[in-house]
Amino acid sequence: MGPVLIELCPNRLLLDPNFDGYKLSLQEIRSNKLELTKQVDRILLNSNQYTLLHAKLYGLHNHLIGDPFDETGSVYFVDVDWNICKTYIDPFTEDLIQPITVWQIPRDSTRKVGDYNVSLKFVNKDIAVIADGTGFMHIVNTDCRNEDNIFTLLFSDKVIGNDEGFVLLDAVYKVGESQKEELHVLLINVKQDNLEERFSSILHWISFSKSTEKCWQQEAIRQLKTVGDIQYAALQRDCISVYVVSDNGCNFILNSDNPILTENKDINTDNAIKTYQWKQDIEEITIRFLLESIDKELIHVDTKPTEIDIKYNGNNLLSGELHQRVDSESTTWTIDKEYLEVIINKSETGLMWPEVVKGNQEGEYVLDSCIVEEVHERLAHLCSGNEAMPQSGSTFNSQQVEECDFENDKAVTFERLNGMTNNITHKINLGSHQILLTANLNINLSPALGIRHDVDICLWQPQGSGDDFSVTHEGTLLAFGYVQASKQNRKFTVCPPDMSYSAICESSRHLFIYRQKKPVSSCELRNRTTGRRIQNIAQQQVVNLATEEVIGIYATNTTLFLLSETSVIALRM
């Protein structure tokens, strides 16, 4: 059965057809500026990174990280020495405090061309995840962040191998069955398999679990690919599915927990003759070859940390570069009737391989019976005899949009992809509408999406549990769709959790703030035409910025933080 098609129907109670527009306000905004002693760490594009995918990952990278779990409204950034620095407004002096170094990121490898900027996500009240951009991911214990504690390292490793860097998009902590603690992270990088192909966006969904020794270890990896731009990607909070908005569709290319069925693979691969079978668990890989009248004197098995060479009677059975490093000293082989079994031990325990030898598709992957039984146990609570019937319908009426809405001729699609079945379960056709902003309206849910509807921007909150999924209209930024269309130099667009205001920030010169409903307290206002009393008024304020480029922004209900390479600014909302 195909995916369920969902139509986005705005809640009319959250719209205002009589909205009068924004009135320009010259009222001064209280602000604090803090000059930094060390510049903010930043990587710029090089000459080989010329695509839109690179421009978004580098040019639109937000270097200012907010902490939604901290009551003080703290913000974080990384300086040139790779120190994670924290600052917030002192409640007594009402000034920004001098940056506090809470942790220094280990320099496990030197930066090279193609590495990404450092990214950071706070998972809950005492855990954070850091990606250094060179390929290492760190899990740290932050303790109580309200007390400016120093972070302590819990896990550090190259989680996707091949010295590939990545940017951290999302991270979710959950307590699974039997009170098992799990951590799921969503990473992204841009790859080009060969010079003849386009650059692709690759999402890496990696799962961790806490062992009995209270240490985090990698359990599984899933990969999704699209030849195009990913405008939005987030994990469902029960970590069953992932949400992706792209203009070319997205699909799984690897799933170590639930391997992709052969019928979903390339036809040529399916028809190829399989010369061996292989299976794996978290520690080792077993390779089986069917031979006749096996003579152990004719068997040759040679393994190195990154290579393998298996021959019988001078004939090559399997050779080449291994997908990941192995413990070459512990390789063993046995003869079981007509089968030659070679067992190799992984150097990175818990990392699941998509293939034994890179580029070799001659092996048939067989699920280990223990892993199959464990997966069935995990999925038992998700089984349902009733499946939702697909719904049809378009998302938007063409009469509700204007020419400026059609920024390109590509249809943008929201897809919910299930990590158990590798299939798309739900789909929303957004037409040519772009995701104009995202907002964390609820710390227990995925970020909400800001999508234009008529002249407004509607904030849609995706949420799901198991097979259930819905998208609800949580709020509206009135006339903001029309406003943002006129701001061609916009770099960041944000709004706080309470949606009381929204802001468009240019890279330099101007910051535009739009307050949705500000109470009128100084005098009584009346509409000249209708005589209606005005209790609230929507206001526009313009802040002139210095010539220095804004490279980070974070919005709370009371404060809007801006970051440049040498300063932090806090605007009181």
> For Asp170 and Lys121, what are the C-alpha separation, side-chain angles and deciding distance, and is it a salt bridge (Lys or Arg N to Asp or Glu O under 4.0 Å)?
Replying inline: CA-CA 7 Å; Asp170 199 9; Lys121 290 287 181 182; 5.9 Å; no

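Counted within 6.0 Å of CZ on Arg572, heavy atoms from surrounding residues, nucleotides or ligands total more than 12; the atom is thus considered enclosed.
Using a cutoff of 4.0 Å between basic side-chain nitrogens and carboxylate oxygens, Glu164 and Lys191 are scored as salt-bridged. In summary, Asp81 and Lys38 engage in a salt bridge, as defined by a charged side-chain N under 4.0 Å from a carboxylate O. The pair Lys210-Glu182 does not meet the salt-bridge criterion, since no charged nitrogen lies less than 4.0 angstrom from a carboxylate oxygen. Here Asp41 pairs with Arg111 in a salt bridge; the nearest charged N to carboxylate O distance falls below 4.0 Å. For the pair Arg30 and Glu28, the salt-bridge criterion is not met [side-chain N within less than 4.0 Å of a carboxylate O].
Aromatic ring pairs are classed by plane angle as parallel below 30°, tilted from 30° to 60° and perpendicular above 60°; the pair Phe19 and Tyr22 is perpendicular.
Considering Gln236, Arg416, His426 as possible partners of Tyr243, the one that fulfils the side-chain hydrogen bond (donor to acceptor under 3.5 Å, both in side chains) test is Gln236.
Aromatic pair Tyr501/Tyr514: ring centres not closer than 6.0 Å. Taking the six-membered ring for Trp, Phe155 and Phe208 have ring centres closer than 6.0 Å.
Checking Tyr173 against Glu181 by side-chain atom types alone, a donor-acceptor pair falls below 3.5 Å.
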